[in-house]
Visitor: 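Please find one structure pasted underneath; my questions will follow.
Bear in mind that the values here come from a model prediction, so they are computed numbers and not experimental data.
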Amino acid sequence: MTELTPTTKSIAIVNTQAPFSSATGKEALDAALIFGSFEQAISLFFIGDGVFQVIGNQNASSLETKDYLKTFSALTFYDIENIYVCQQSLTERNLPANFHVDNIQVLTTAEFSQRLHSHQVIYRF
């Protein structure tokens with residue numbers, strides 16, 4: 001976990017879009033990796049259709065687009081270990097907690113909100 005220093009801000013990146021529906025998922029991941037390379041304290045949040053980004057066994061080859069989901073494996077190299085998924089979003093979409101990313105914590109809506117609002121900076125994608 002990244003230690004906070006006086007110049008470090010805790011940053012939350014909230015993912016709300018399904019992968020491949022737009023470029024926002026890739027942009028959010030790129031932003032997380034950039035902040036991580038500058039040793040910022042980053043947390044990733046997945047809510048709404050954004051939960052589809054962390055569900056395992058997806059295949060983008062039929063979409064003729066680059067599969068950026070494989071890049072999630074780089075998160076540990078950037079010390080991005082705080083990854084949260086909204087339980088209600090999984091339930092509403094009838095999705096199992098089958099993730100292709102390690103260290104994911106599934107949180108209730110109240111826990112998700114509390115954790116999110118503990119950050120100094122919030123970016124929503």
Side-chain angles (χ1 to χ4, degrees):
M1 179 177 272
T2 304
E3 289 187 39
L4 293 178
T5 65
T7 59
T8 304
K9 298 211 183 265
S10 59
I11 300 171
I13 296 180
V14 182
N15 294 271
T16 63
Q17 302 294 313
F20 317 118
S21 64
S22 68
T24 57
K26 183 180 180 323
E27 291 168 355
L29 182 57
D30 289 346
L33 296 176
I34 289 168
F35 286 126
S37 70
F38 288 102
E39 299 181 355
Q40 298 297 306
I42 305 296
S43 297
L44 294 176
F45 292 82
F46 297 87
I47 192 167
D49 285 343
V51 298
F52 285 107
Q53 292 186 44
V54 291
I55 297 299
N57 301 324
Q58 296 188 58
N59 187 352
S61 62
S62 63
L63 299 174
E64 297 180 8
T65 186
K66 184 175 179 186
D67 185 359
Y68 74 91
L69 298 179
K70 295 175 184 177
T71 309
F72 276 101
S73 64
L75 294 176
T76 56
F77 297 112
Y78 292 87
D79 292 326
I80 301 173
E81 300 170 348
N82 300 320
I83 305 170
Y84 308 106
V85 172
C86 177
Q87 174 64 57
Q88 183 175 344
S89 296
L90 290 174
T91 302
E92 288 172 353
R93 286 153 186 81
N94 206 21
L95 294 172
N98 172 27
F99 306 119
H100 65 87
V101 180
D102 294 330
N103 300 327
I104 289 185
Q105 296 178 50
V106 178
L107 304 175
T108 66
T109 305
E111 293 168 332
F112 190 92
S113 177
Q114 181 182 22
R115 200 68 59 94
L116 177 62
H117 289 94
S118 70
H119 289 75
Q120 295 169 311
V121 179
I122 300 173
Y123 292 102
R124 184 176 184 269
F125 287 85

Visitor: Run the side-chain contact (heavy atoms from CB on, under 4.5 Å) test on V85 and V54 for me, step by step, so that the C-alpha distance in whole Å, both residues' side-chain angles and the decisive distance to 0.1 Å come before the verdict.
Guide: CA-CA 9 Å; V85 172; V54 291; 3.9 Å; yes

Visitor: Just do the side-chain contact (heavy atoms from CB on, under 4.5 Å) check on L33 and L75 with the steps written out, would you?
Guide: CA-CA 7 Å; L33 296 176; L75 294 176; 3.9 Å; yes

Visitor: Would I34 and V14 show up in the same hydrophobic cluster when neighbours are defined by side-chain heavy atoms closer than 4.5 Å?
Guide: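 Looking at the clustering, V14 is in a separate group from I34.
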
Visitor: Hey, what do you get for CG (L29) to CG (N15), rounding to the nearest 0.5 Å?
Guide: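 Output value for this atom pair is 8.0 Å.
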
Visitor: Does Q114, at its CD atom, have more than 12 non-hydrogen atoms belonging to other residues, nucleotides or ligands within less than 6.0 Å?
Guide: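 Open.
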
Visitor: For residues F38 and I11: do they belong to one hydrophobic cluster (side chain heavy atoms under 4.5 Å, members Ile, Leu, Val, Met, Phe, Trp, Tyr)?
Guide: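 No, no single cluster joins them.
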
Visitor: Checking F52 against F46 for the ring-ring contact (aromatic ring centres under 6.0 Å, His included) test, could you report, in this order, the C-alpha distance in whole Å, the side-chain angles of both residues, the deciding distance, and whether it holds?
Guide: CA-CA 8 Å; F52 285 107; F46 297 87; over 10 Å; no

Visitor: What is the minimum heavy-atom distance between L69 and H100, and which atoms define it?
Guide: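 Distance-wise, the nearest heavy atoms are O-CE1, 3.5 Å.
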
Visitor: So Y84 and E111, side-chain contact (heavy atoms from CB on, under 4.5 Å) or not? Walk me through it.
Guide: CA-CA 10 Å; Y84 308 106; E111 293 168 332; over 6 Å; no

Visitor: For the residue pair A12 and L116, what are the closest heavy atoms and their distance?
Guide: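 Shortest heavy-atom separation between A12 and L116 comes out as CB-CD1, 3.6 Å.
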
Visitor: To check you understand the geometry: which heavy-atom pair defines the closest contact between Q53 and Q17, and what is its length?
Guide: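 Taking Q53 first and Q17 second, the nearest heavy atoms are NE2-O, 2.8 Å.
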
Visitor: Whether the side chain of H119 engages the backbone of I42 through a donor-acceptor N/O pair (distance < 3.5 Å, no angle test) should be reported.
Guide: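 Not a single qualifying donor-acceptor pair exists.
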
Visitor: Under a 4.5 Å cut-off applied to non-hydrogen side-chain atoms, are Y68 and E27 in contact?
Guide: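 Counting from C-beta outward, Y68 and E27 never come under 4.5 Å.
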
Visitor: So, using salt bridge (charged side-chain N to carboxylate O under 4.0 Å, His left out) as the criterion, who are the partners of R124 when residues are at least two apart?
Guide: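 If we apply the salt bridge (charged side-chain N to carboxylate O under 4.0 Å, His left out) test to R124, skipping adjacent residues, there are no hits.
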
Visitor: In the structure I gave you, are the side-chain heavy atoms of F125 and D30 within less than 4.5 Å of one another anywhere?
Guide: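 They are not in side-chain contact.
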
Visitor: Is there a side-chain contact between L90 and I55 (heavy atoms, below 4.5 Å)?
Guide: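 With C-beta onward as the side chain, the pair touches.
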
Visitor: How many angstroms lie between SG in C86 and CZ in R93, if you round to the nearest 0.5 Å?
Guide: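 If we round to the nearest 0.5 Å, C86:SG and R93:CZ are 8.5 Å apart.
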
Visitor: Please tell me if the side chains of R115 and Q105 come closer than 4.5 Å, counting only heavy atoms from C-beta onward.
Guide: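 Contact flag for R115/Q105 side chains = yes.
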
Visitor: Looking at A110, is its backbone amide N or carbonyl O close enough to the side chain of S113 to form a donor-acceptor pair, meaning the two atoms are under 3.5 Å apart?
Guide: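 No.
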
Visitor: Check whether any side-chain N or O of S10 sits under 3.5 Å from a backbone N or O of Q120 as a donor-acceptor pair, and report yes or no.
Guide: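 Yes, because the side chain of S10 sits within donor-acceptor range (under 3.5 Å) of the backbone of Q120.
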
Visitor: Quick one: CG on L44 to OH on Y123, what's the gap to the nearest 0.5 Å?
Guide: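 Rounded to the nearest 0.5 Å, the CG-OH separation comes to 13.5 Å.
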
Visitor: Compute whether any side-chain donor of one residue and acceptor of the other, for T109 and Q88, lie under 3.5 angstrom apart.
Guide: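 Yes, Q88 and T109 have a side-chain donor paired with an acceptor closer than 3.5 Å.
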
Visitor: Would you call F35 and I80 a side-chain contact if the rule is heavy atoms closer than 4.5 Å?
Guide: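 Result no, sub-4.5 Å side-chain heavy-atom pair not found.
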
Visitor: In this structure, is the centre-to-centre distance between the rings of F45 and F112 below 6.0 Å?
Guide: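 Yes; F45 has its ring centre under 6.0 Å from that of F112.
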
